[in-house]
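Following: one structure in structure tokens, then a few remarks.
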2 protein chains.
Amino acid sequence: MMRGQPVDMDLAQRADLFQHALGFQGLSQEQIAQIAGLAFGRRFAKGEIIFEPNLPCRFFYLVARGLAKVYICSPSGMRLTYLLANRGEPLNLIGPFTGTPRFLSAEAMEEAVVAHVRRQDFLRFASQHPAVVVNIISILGRAIDSANSRIVDLVEKRVEQRLVRVLFTLLAKFGTEINLTSSELAELAGTTTESTLRTMARLRRLGIIASGRGQVKIIQPASLKKLHSDPLWV
Amino acid sequence: MMRGQPVDMDLAQRADLFQHALGFQGLSQEQIAQIAGLAFGRRFAKGEIIFEPNLPCRFFYLVARGLAKVYICSPSGMRLTYLLANRGEPLNLIGPFTGTPRFLSAEAMEEAVVAHVRRQDFLRFASQHPAVVVNIISILGRAIDSANSRIVDLVEKRVEQRLVRVLFTLLAKFGTEINLTSSELAELAGTTTESTLRTMARLRRLGIIASGRGQVKIIQPASLKKLHSDPLWV
DNA sequence: GCCGGACTATGACCGCGGTCATAGAACCAA
DNA sequence: TTGGTTCTATGACCGCGGTCATAGTCCGGC
């Protein structure tokens with residue numbers, strides 16, 4: 001089943017999207033035009049589901065506008081955010097190759113447009129362009145490194161350090177103004193909303209951040225970096 | 001730098017290895033012979049390092065005999081086992097493609113022989129055989145799923161459930177006799193040796209396992225499965 | 001306006017599991 | 001044999017952080 005509402009994206013728009021998209025660097029204009037020609041856009045309202053777990057993969061998804069998150073929902077209801085995708089970032093790189101159901105869900109965190117490519121079209125394109133496949137493997141490598149790094153953090157770091165690391169990552173991605181709620185930050189750090197709120201209060205008292213409803217401002221990026229990297233040289 | 005000692009493997013042996021190796025299914029005899037022709041074996045003593053983190057990747061590694069582990073060593077000294085590789089299982093799938101340094105180390109857990117393929121040779125072979133690349137992406141997909149699943153377990157499961165899950169996985173891989181120490185199990189479950197020993201004592205009192213020095217025997221696989229999957233339908 | 005829901009904020013409680021300490025058993029090498 | 005190392009075993013302690021409860025605040029919808 002396909003979700004969202006159809007939305008117009010002309011070929012030039014689609015080409016511009018793929019031109020700068022993660023995983024499609026180094027392609028010629030014709031190759032970009034080829035994959036852009038296979039894509040079509042769909043619009044999602046804030047909070048709308050883009051894909052569900054445990055269903056066979058039918059599309060390759062690439063965010064064209066807005067922000068989407070990919071997350072795992074555990075049997076007991078805990079949600080863990082796996083990926084925040086801006087314009088130009090793909091939501092699923094494995095599924096299009098294997099086609100098999102996986103455990104991830106995706107939803108729009110704000111009004112968003114997501115480009116779709118039918119799985120078979122995507123597969124055919126990828127198999128004709130080894131450079132794309134090598135790009136994808138290297139993105140997957142980063143994903144695995146990132147997952148391993150989260151595992152290490154969960155085992156040996158406390159909540160404060162994990163949250164600081166999340167904020168530091170978000171600083172690089174969104175700049176000093178981060179429009180996320182404490183619950184969303186908690187799902188990124190692998191902890192509870194309460195602990196996140198407590199920790200943010202501490203960081204606020206230290207003058208490192210300011211925070212309001214659904215927003216965090218990084219006041220002292222340097223202190224954040226110091227807190228974050230401290231354990232590395234202790 | 002290349003570690004281990006050179007060891008003779010004739011072409012037939014190497015071909016037999018790749019024939020059944022993870023990621024090389026569905027290749028013709030000639031293709032198998034081709035990759036086997038590029039490989040050479042090296043021997044490692046128990047405990048010997050196979051590769052170190054933070055060095056550029058120079059080889060693709062495939063276990064030919066014995067058992068090896070791939071692990072992450074955190075700055076503070078905690079070790080987390082990422083992969084146990086038997087005969088036919090590759091140690092590194094990302095590195096050969098990107099060539100960039102990563103965070104993983106590998107060491108032989110017993111006397112082992114590991115087939116090496118020079119990175120450039122491996123890359124050339126892979127780019128000529130898209131089927132291999134798709135296989136590799138699907139293995140990477142499994143690795144990512146497994147990492148995510150460990151993350152969820154670390155966030156919301158207690159040590160006992162994680163350890164049971166580890167034992168259950170090892171049961172599938174090695175059968176009912178598992179030759180690992182409690183420290184090694186701890187590094188798999190993401191906990192301490194002490195907690196592992198305590199938990200094993202509990203499982204022993206329940207009659208589910210028996211354990212001795214460096215060995216665990218699964219007495220009641222069914223109970224293990226029940227303990228392990230319980231939370232799924234609660 | 002008013003009301004309901006989402007978000008923030010904070011206190012109290014307490015249990016899991018990490019840390020430290022101690023000790024005995026098994027194994028190996030000299 | 002002896003001595004050293006590794007592995008198993010278990011007790012005591014206690015702090016982080018999850019859970020539950022309460023309340024205040026902001027926002028959107030009717």
Side-chain angles (χ1 to χ4, degrees), chain A residues 45-47 74 76-80 107 109-111 151-167 178-206 209-217 231 234, chain B residues 45-47 74 76-80 107 109-111 151-167 178-206 209-217 231 234:
Chain A
K46 175 174 178 169
S74 83
S76 64
M78 171 126 215
R79 287 202 324 188
L80 228 145
E107 91 176 47
M109 298 182 73
E110 53 187 51
E111 171 91 9
I151 290 176
V152 169
D153 280 9
L154 283 169
V155 170
E156 65 170 14
K157 301 262 204 311
R158 45 192 84 202
V159 163
E160 174 165 314
Q161 292 169 297
R162 299 210 300 273
L163 195 61
V164 165
R165 185 166 197 181
V166 165
L167 290 175
I178 298 164
N179 291 305
L180 297 176
T181 67
S182 295
S183 298
E184 290 167 331
L185 291 174
E187 289 176 9
L188 281 162
T191 180
T192 59
T193 307
E194 293 94 325
S195 292
T196 302
L197 283 163
R198 275 183 244 272
T199 305
M200 303 249 303
R202 218 175 307 139
L203 295 178
R204 216 180 309 125
R205 280 193 290 274
L206 292 173
I209 64 169
S211 67
R213 194 182 171 82
Q215 183 174 87
V216 181
K217 284 186 194 172
V234 161
Chain B
K46 175 174 178 170
S74 83
S76 65
M78 171 128 216
R79 288 203 323 189
L80 227 145
E107 91 176 46
M109 297 182 72
E110 54 187 51
E111 171 92 9
I151 289 176
V152 170
D153 279 10
L154 282 169
V155 171
E156 66 170 13
K157 302 262 206 309
R158 42 191 93 206
V159 163
E160 173 164 318
Q161 291 169 296
R162 298 210 300 271
L163 194 62
V164 165
R165 184 165 198 184
V166 164
L167 290 174
I178 298 163
N179 291 306
L180 297 175
T181 66
S182 294
S183 299
E184 291 168 331
L185 292 174
E187 290 176 8
L188 281 162
T191 180
T192 59
T193 308
E194 292 94 325
S195 292
T196 303
L197 283 163
R198 275 184 244 272
T199 306
M200 303 249 304
R202 217 175 307 138
L203 295 177
R204 216 179 310 126
R205 280 193 289 274
L206 292 173
I209 65 169
S211 66
R213 194 183 171 84
Q215 184 175 83
V216 181
K217 284 185 194 171
V234 162

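A note on names: the letters A, B, ... follow the listed sequences, proteins ahead of strands, and every chain is numbered from 1.
Between the axis at the start and the axis at the end of the helix from dG1(C)-dC30(D) to dA30(C)-dT1(D) there is an angle of 40°, using five pairs per end and rounding to 10 degrees.
By the salt bridge (Lys or Arg N to Asp or Glu O under 4.0 Å) test, E111(A) is found to be paired with R43(A), residues two or more places apart in sequence or in another chain being considered. For the side chain to side chain contact (heavy atoms under 4.5 Å, CB included) test, residues two or more places apart in sequence or in another chain that qualify with S195(B) are V159(B), T191(B), T192(B).
Within residues 191-204 of chain B, the residues that have a heavy atom under 4.0 Å from DNA chain D are, in order of number, E194(B), L197(B), R198(B), A201(B), R204(B).
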* Check step by step if side chain to side chain contact (heavy atoms under 4.5 Å, CB included) holds for L188(A) and L180(A). => CA-CA 10 Å; L188(A) 281 162; L180(A) 297 176; 4.0 Å; yes
* **V164(B)/L203(B) under side chain to side chain contact (heavy atoms under 4.5 Å, CB included): CA gap, chis, key distance, verdict** => CA-CA 9 Å; V164(B) 165; L203(B) 295 177; 4.3 Å; yes
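Across the protein-nucleic acid pair, L185(B) atom CG and dA9(D) atom C1' stand 15 Å apart, rounded to whole Å.
Nearer the 5' end of DNA chain C, as judged by each residue's closest nucleotide, is the contact made by S211(A), out of V155(A) and S211(A).
How far CD1 of I178(B) is from NZ of K217(B): 12.0 Å, rounded to the nearest 0.5 Å. Taken to the nearest 0.5 Å, the OG1 atom of T199(A) stands 9.5 Å off from the CZ atom of R162(A). The CG atom of D153(A) lies 7.5 Å from the CD atom of E156(A); values are rounded to the nearest 0.5 Å.
Although no hydrogens or angles enter the test, the distance criterion places no donor-acceptor pair under 3.5 Å between the side chain of R79(A) and the main chain of E187(A).
Summarising the geometry of E184(A) relative to N179(A), their closest heavy-atom pair is OE1-O, 4.4 Å, with the distance given to 0.1 Å.
Between S182(B) and the phosphate of dC7(D), there is no side-chain N or O to OP1/OP2 separation shorter than 4.0 Å.
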Look for any protein N or O under 3.5 Å of an N or O in nucleotides 27-30 of chain D and output each such pair with its distance, or none.
none

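Read 5' to 3', the first and last nucleotides of DNA chain C with an atom closer than 4.0 Å to a heavy atom of chain B are dC16(C) to dC27(C).
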